[in-house]
Undergrad: 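Dropping a structure here in structure tokens format, bear with me for questions.
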Amino acid sequence: MRTCRASAAGKLTVVLATLLLTVTACGGGPSPRAWAASVCEALTPWRAEISKLTSSTRQQMTAQTTPAQARENLVRLFDGARQASETARREVERAGVPETTGGDQVSAGFRGSLSRMRDAYGRARDSIRGLDTSRPATFYDGVQAAVESLNKEYDASALDTSRLSSTELKAAFDEVPECR
């Protein structure tokens with residue numbers, strides 16, 4: 001009798017595992033609302049860091065510091081923005097792919113945008129790091145050029161949820177509290 005029960009329990013386990021795998025494989029990713037909430041939760045600290053960076057960069061450009069001090073501060077600021085962008089990209093990746101038409105493209109678009117922003121901040125950091133601080137006017141011209149290049153790259157990579165092709169995701173981004 002014991003063998004029969006063990007065998008029946010084993011078969012039930014196999015059937016349940018198969019059903020679970022089938023449901024998981026068909027179910028795909030999170031709902032549009034859950035995905036939008038996860039993405040907005042990932043982007044909130046990123047936006048705060050970028051806002052802080054923008055303010056700090058403006059202050060740094062007008063502060064009475066030596067070029068060497070300015071370079072050190074700007075390199076640190078741009079590296080912080082690069083790291084924040086990578087953290088946001090990883091969080092969006094962790095959110096998965098929303099279960100909606102074109103969800104894979106939307107998810108890839110968000111990740112790609114954050115990757116391009118991360119790389120733009122890294123290039124700005126590297127550009128500033130490479131500037132000679134012995135001639136202040138030349139240094140600040142180089143800083144200005146690096147910031148202008150960053151702004152162009154940033155604008156080209158901007159996240160725009162208003163142009164989503166999925167009506168479910170558009171509605172989700174408008175409705176979930178995490179995105180307000």
Undergrad: Side chain to side chain contact (heavy atoms under 4.5 Å, CB included) between Ser127 and Arg123: does it pass, once the steps are laid out?
TA: CA-CA 6 Å; Ser127 180; Arg123 281 188 288 279; over 6 Å; no
Undergrad: To the nearest 0.5 Å, what is the distance between CZ on Phe78 and CG on Asn73?
TA: 11.5 Å
Undergrad: Evaluate the side chain to side chain contact (heavy atoms under 4.5 Å, CB included) criterion for residues Val147 and Leu74: first the C-alpha distance (whole Å), next the side-chain angles of each, then the deciding distance (0.1 Å), finally the verdict.
TA: CA-CA 10 Å; Val147 169; Leu74 288 169; 5.9 Å; no
Undergrad: Heavy atoms only: give me the nearest Ile50-Ser85 pair and the separation to one decimal.
TA: CD1-OG, 4.4 Å
Undergrad: Is the side chain of Thr66 donor-acceptor paired with the backbone N or O of Gln69 at a distance under 3.5 Å, no angle test?
TA: yes
Undergrad: Of all heavy-atom pairs between Ala172 and Ala36, which one has the smallest distance, and what is that distance?
TA: CB-CB, 3.8 Å
Undergrad: Start with the C-alpha distance between Lys52 and Glu49, add both sets of side-chain angles, then the distance that settles side chain to side chain contact (heavy atoms under 4.5 Å, CB included), and finish with yes or no.
TA: CA-CA 5 Å; Lys52 184 175 96 176; Glu49 182 67 23; 3.7 Å; yes
Undergrad: Can any side-chain N or O of Ser107 pair as donor or acceptor with the backbone N or O of Gly96 at less than 3.5 Å?
TA: yes
Undergrad: Quick check: does any side chain N or O of Ser149 sit under 3.5 Å from a backbone N or O of Ala145, one acting as donor and the other as acceptor?
TA: no
Undergrad: Looking only at non-hydrogen atoms, find the nearest pair between Thr44 and Cys40 and report the distance.
TA: OG1-O, 2.8 Å
Undergrad: Ala81 and Leu53: which non-hydrogen atoms are nearest, and at how many Å?
TA: CB-CD2, 3.6 Å
Undergrad: For Leu131, which residues count as a side chain to side chain contact (heavy atoms under 4.5 Å, CB included) partner, sequence neighbours excluded?
TA: Ile128, Phe139, Val143
Undergrad: Tell me, with the steps shown, if Glu175 and Arg33 meet side chain to side chain contact (heavy atoms under 4.5 Å, CB included).
TA: CA-CA 8 Å; Glu175 295 169 2; Arg33 287 181 62 89; 2.9 Å; yes
Undergrad: Closer than 3.5 angstrom, by distance alone: can the side chain of Arg125 be matched with the main-chain N or O of Tyr121 as a donor-acceptor pair?
TA: no
Undergrad: If you measure from the Lys or Arg side-chain nitrogens to the Asp or Glu carboxylate oxygens, is any gap between Glu93 and Arg89 under 4.0 Å?
TA: yes
Undergrad: Can you confirm whether more than 12 heavy atoms, excluding those of Arg135, are under 6.0 Å from its CZ atom?
TA: no
Undergrad: Relative to each other, are the rings of Phe173 and Trp35 parallel, tilted or perpendicular (30° and 60° limits)?
TA: perpendicular
Undergrad: Looking at Arg94 and Glu91, does any basic side-chain N land under 4.0 Å from a carboxylate oxygen?
TA: yes
Undergrad: What are the two closest non-hydrogen atoms of Ala70 and Tyr140, and how far apart are they?
TA: CB-OH, 3.6 Å
Undergrad: Might you point out which heavy atoms bring Ala42 and Ala88 nearest each other, and give the distance in Å?
TA: O-CB, 3.9 Å
Undergrad: Keeping the roles fixed (side chain from Ser51, backbone from Arg47), state whether a donor-acceptor pair exists under 3.5 Å.
TA: no
Undergrad: Could you go through Asp79 and Arg76, starting from their C-alpha distance and side-chain angles, then the distance that decides it, and tell me whether this counts as salt bridge (charged side-chain N to carboxylate O under 4.0 Å, His left out)?
TA: CA-CA 5 Å; Asp79 193 52; Arg76 187 175 53 251; over 6 Å; no
